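The first residue of the sequence shown is numbered 1, and numbering continues consecutively from there. Keep in mind that this is a model prediction, so the values were computed, not measured.
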Amino acid sequence: AMALQALSFYQNDTTVQAMTATGLARLSSLQLENGGFTAWGATTSESISQTILALCMLDMDLSDARFVKNGTDLLEALLAFRLEDGSFRHTMDGGYDIMATEQAMLALDALRRREEGLPKLYQLTDIRAVDRSSVGLPGKDPAITVPGKTVNIPTFPDVAGLPEAEAIHVLAHRGIL
């Protein structure tokens, strides 16, 4: 699925188109009857997320018959890994997993971008450019700039040892908490 994401940028080349078709056929043949995929002996949410990303990058609909198994599409298969708090687990018998959650969020955002007609996830041509005309301090060498804003990152000593501790610290570091 990750290779197909990379190939998505070169679909004007007939050789790449043929390789993409072969890759899609192989990926479909690897898909389980529950809509998921097995990686390293376990059915994982990340494999589903990467496949969703590949299909979005190739501008394919998730209802493509090759990727609907027993009436279950990739989105339904991915959401089966979602926990009550909105995070995702790596395997069905696991708990919160930061990488599984991150990859699921990328897949869900790729779907959103596709549905809203925005550029593909890894293109991001809709992101506004930053105005650099005011870089530097007035009347000074333009290389001298105002330092970036320092953010006090809160700490939560009471979560030490909890399975969610890493997620809480990541959210705090990103300024969400």
Looking at residues at least two apart in the chain, or sitting in another chain, which of them share a salt bridge (Lys or Arg N to Asp or Glu O under 4.0 Å) with Asp109?
Arg112
Is the backbone of Leu27 close enough, under 3.5 Å, to the side chain of Gln31 for a donor and an acceptor to pair up by distance?
no
Is Leu118 linked to Leu111 within one hydrophobic cluster, defined over Ile, Leu, Val, Met, Phe, Trp and Tyr using a side-chain heavy-atom separation of less than 4.5 Å?
no
Taking Glu46 for its side chain and Met99 for its backbone only, find out whether a donor-acceptor pair lies under 3.5 Å.
no
Residues Gln103 and Ser45: side-chain donor-acceptor under 3.5 angstrom:
no
I'd like to know if Leu74 and Leu108 are part of one continuous hydrophobic network [Ile/Leu/Val/Met/Phe/Trp/Tyr, side-chain heavy atoms within less than 4.5 Å].
yes
For the pair Ser28 (side chain) and Leu24 (backbone), establish whether a donor and an acceptor sit closer than 3.5 Å, ignoring hydrogens and angles.
no
To the nearest 0.5 Å, what is the distance between CD on Gln50 and CE on Met2?
4.0 Å
Nearest atoms (heavy-atom pairs only) where Leu62 meets Val68
O-CG2, 3.7 Å
Checking Thr91 against Asp93 for the side-chain hydrogen bond (donor to acceptor under 3.5 Å, both in side chains) test, could you report, in this order, the C-alpha distance in whole Å, the side-chain angles of both residues, the deciding distance, and whether it holds?
CA-CA 5 Å; Thr91 58; Asp93 61 349; 2.7 Å; yes
Any Met19 side-chain heavy atom under 4.5 Å of Thr22 side chain:
no
Of all heavy-atom pairs between Thr44 and Ala39, which one has the smallest distance, and what is that distance?
OG1-CB, 4.1 Å
May I ask you to decide if Gly35's main-chain N or O and Thr72's side chain share a donor-acceptor pair within less than 3.5 Å?
no
Provide the closest heavy-atom pair for Leu106 versus Leu53 in the form atom of the first, atom of the second, distance.
O-CD2, 3.7 Å
Evaluate Tyr96 against Thr101 for side-chain contact (heavy atoms from CB on, under 4.5 Å), listing each step before the verdict.
CA-CA 8 Å; Tyr96 163 79; Thr101 300; 3.5 Å; yes
Would a distance-only check, ignoring hydrogens and angles, find a side-chain to backbone donor-acceptor pair under 3.5 Å from Thr51 to Ser47?
yes
Enclosure of Met92 CE (heavy-atom neighbours >12, cutoff 6.0 Å):
yes
Taking Leu30 as the starting point, is it possible to reach Met60 by hopping between hydrophobic residues whose side chains are less than 4.5 Å apart?
yes
Quick test of your reading: applying salt bridge (Lys or Arg N to Asp or Glu O under 4.0 Å), list the pairs with at least one residue in residues 64-81, sequence neighbours left out, ordered by first then second residue.
Asp64-Arg66
Is there a chain of hydrophobic side chains (I, L, V, M, F, W, Y, each step under 4.5 Å between heavy atoms) that links Leu79 to Phe81?
yes
Taking the side chain as every heavy atom from C-beta outward, state whether Met57 and Leu4 have any pair of such atoms under 4.5 Å apart.
no
Is the shortest side-chain heavy-atom distance between Pro119 and Arg113 below 4.5 Å?
yes
Would you check if the side chain of Asn70 reaches a backbone N or O of Glu33 as a donor-acceptor pair within less than 3.5 Å?
yes
CZ on Phe67 to CG on Leu75, rounded to 0.5 Å:
15.0 Å
Consider only side-chain heavy atoms of I, L, V, M, F, W and Y, link residues closer than 4.5 Å, and tell whether Leu58 and Ile48 are in one cluster.
yes
Please indicate whether Phe9 has more than 12 foreign heavy atoms, meaning atoms of other residues, nucleotides or ligands, lying under 6.0 Å from its CZ.
yes
Step by step, work out the side-chain contact (heavy atoms from CB on, under 4.5 Å) result for Leu78 and Ser49.
CA-CA 7 Å; Leu78 177 61; Ser49 293; 3.4 Å; yes
Phe88 and Met105: CA distance, side-chain angles, deciding distance, side-chain contact (heavy atoms from CB on, under 4.5 Å) verdict
CA-CA 9 Å; Phe88 286 78; Met105 293 296 110; 3.4 Å; yes
Residues at least two apart in sequence or cross-chain that pass salt bridge (Lys or Arg N to Asp or Glu O under 4.0 Å) with Arg114, listed by chain then number, are Asp59, Asp61
